[in-house]
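Just so you know, ligand 1 is whichever comes first in the structure, and atom 1 is the first atom listed for that ligand. No hydrogens, no waters, no symmetry mates; every other heavy atom, side chains included, goes into these values.
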Amino acid sequence: MVGQGSWLEPVGVVSGADAAALVAAGRAVSLWQGPLAFSALRLFEGTEARLVPWDADLPPALDSLRARLLARPEPWAGFAATDPFVMGILNCTPDSFSDGGRHLDPEAAIRAGLAMAEAGAAIIDVGGESTRPGSEEVPPEEEMRRILPVIRELAARGLTLSVDTRHAVTMEAALEAGARIINDVSGLTFDPAARAVSARRGAPVVLMHMRGTPATMKGLAQYRDVAREVTAELGAVFDAALAAGIAPAQVALDPGFGFAKEGRQNLELMQRLPILAAFGRPLLIGVSRKRLIGLSSGEGDAARRMPGSIAAALHALARGASLLRVHDVAETVQAVRVWRDLLAPPTPLSPHPAR
Ligand code: HH2
């Protein structure tokens, strides 16, 4: 789909009143027929990159990529690619980097999941294995012991659940227990049976980019152009999923902040998030409380990184993301609601009333 070949990156992405004005004047075009618009394209051909206006004449291969920027993507798991949604993080682990140990007891996890849904989370992401840098694999039996009772109960209460796992047996058992969505930080590459499970069950899936495994990824963060290389590598992961029989409409994509990316690489990837839009699939991002928030803010304590996480989440929405994976659900939902209202084009100015 991407390879080393041609690709398009929307540039000059604007939102709200500016987007409406530029689109009306033909100076920009709406991204995915949503509230964002872009005025130019960075065009990659081989090792060359150049900037052209959004409506420049393009060779056929690039023209069909541009068509994917203009069309409304098919919804994923019922969620539109141009509307913001919050996914609450529920780690039933002893060692997750910011909420480890808080939801290991199933009763506590269930209470936390219900509270997140009440606070406006559209999806609760239940995981039983920490994938923080340097972490080791948790055997699927232990992972399932941690999460299945929680999934069963929350599904019975009507919540939409995703299972955050790299293991095919855990995916299968979680879907049986009532989860609807598979979220795999390895993009269904860690477990050779994972793609088949996802294809056979027809479950929506989040494919995330990383290199290596959480245990090895720290030494693999070498990029010449992080945005371009992540796009190409995620494209290969997407292609492999499609080849295994997973329908494109079942896929959401995630660049994997903090997974084999360091310091400024994460920031550049966030700034250039629109490069992923030409896949024509919804974008999920997970930056909540991560080290990149600590690096920019100087806050060493992960539990105190909520404000910086919200700043990054809103930035991601303005760059084409729609799904936000977060720890602080109520606070993020409030911020998103205000951000969404600010995007609405202003009502036309009425003439001054005659005196
Ligand atoms: N990040 C983590 C885990 N799962 N899934 C997706 N799709 N995107 C992410 O960025 C992502 C993810 C790591 O964060 P967390 O779950 O908070 O911590 P831990 O891995 O220590 O449990």
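Aromatic ring centres of W32 and F38 lie farther apart than the 6.0 Å criterion allows.
D254 OD2, 3.1 Å is the protein heavy atom nearest to atom 6 (C) of ligand 1. With hydrogens left out, the protein atom closest to atom 20 (O) of ligand 1 is T131 N, 2.7 Å, a heavy atom. For atom 5 (N) of ligand 1, the nearest protein heavy atom (residue, atom name, distance) is N183 ND2, 3.1 Å. With respect to atom 16 (O) of ligand 1, the closest heavy atom belonging to the protein is R325 NH2, 2.9 Å. Scanning the protein for heavy atoms near atom 4 (N) of ligand 1, the closest one is D164 OD2, 2.9 Å. Atom 10 (O) of ligand 1 has as its closest protein heavy atom K290 NZ, 2.7 Å. Taking atom 21 (O) of ligand 1 as the reference point, the nearest protein heavy-atom neighbour is S130 OG, 2.7 Å. Looking only at heavy atoms of the protein, atom 17 (O) of ligand 1 is closest to H327 NE2, 3.0 Å.
Here the side chain of K290 pairs no donor or acceptor atom with the backbone of G258 at under 3.5 angstrom. W76 places no side-chain N or O within donor-acceptor distance of the main-chain N or O of V206, the cut-off being under 3.5 Å. Using a distance-only test at 3.5 Å, with no hydrogens or angles considered, a donor-acceptor pair links the side chain of K261 to the main chain of P255. For the pair R72 (side chain) and T82 (backbone), a donor-acceptor distance under 3.5 Å is absent.
Applying the side-chain hydrogen bond (donor to acceptor under 3.5 Å, both in side chains) rule to pairs touching residues 312-325 yields D125-R325, D164-R325, sequence neighbours excluded.
Considering backbone and side-chain N/O of E129, none are found under 3.5 Å from N/O of ligand 1. For a threshold of 3.5 Å applied to N or O pairs, the pair formed by S96 and ligand 1 contains at least one separation below that value. Of the polar atoms of F97, at least one N or O is found under 3.5 Å from an N or O of ligand 1, judged by distance alone.
The closest approach between T93 and ligand 1 stays at or above 4.0 Å for every heavy atom of the residue. Residue R289 places no heavy atom under 4.0 Å from ligand 1.
We find that E299 and R305 are not joined by a salt bridge, their nearest charged nitrogen and carboxylate oxygen being 4.0 Å or further apart.
Heavy atoms of D99 found under 4.0 angstrom from ligand 1: none, in either backbone or side chain.
Counting heavy atoms from C-beta outward, V29 and D55 have side chains that stay 4.5 Å or more apart.
Between H167 and F190, the ring planes lie perpendicular to each other; the angle is over 60°, past the 30° to 60° tilted range.
Taking every non-hydrogen atom of R132 and a distance limit under 4.0 Å, the qualifying atoms of ligand 1 come out as 20 (O), 21 (O). For ligand 1, the atoms sitting less than 4.0 Å from at least one non-hydrogen atom of N91 are 15 (P), 16 (O), 17 (O), 18 (O), 22 (O), numbered in the order shown with element in parentheses. The contact set between ligand 1 and V185, taken as ligand atoms under 4.0 Å from a residue heavy atom, comprises 4 (N), 5 (N), 12 (C). Of all atoms in ligand 1, listed by their number and element, those nearer than 4.0 Å to a heavy atom of L284 are 7 (N). Using a 4.0 Å cut-off to heavy atoms of V206, the atoms of ligand 1 that qualify are 7 (N). Of all the atoms in ligand 1, the ones that sit under 4.0 Å from a non-hydrogen atom of G286 are 10 (O).
Scanning both residues, S130 and T93, for their nearest heavy atoms gives N-CG2, 3.8 Å.
The side-chain contact (heavy atoms from CB on, under 4.5 Å) test with P106 is passed by exactly one of V150, L148, I147: V150.
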For the pair R145 and E142, evaluate salt bridge (Lys or Arg N to Asp or Glu O under 4.0 Å) and give the outcome as yes or no after the intermediate values.
CA-CA 5 Å; R145 195 187 62 74; E142 170 61 14; 2.9 Å; yes
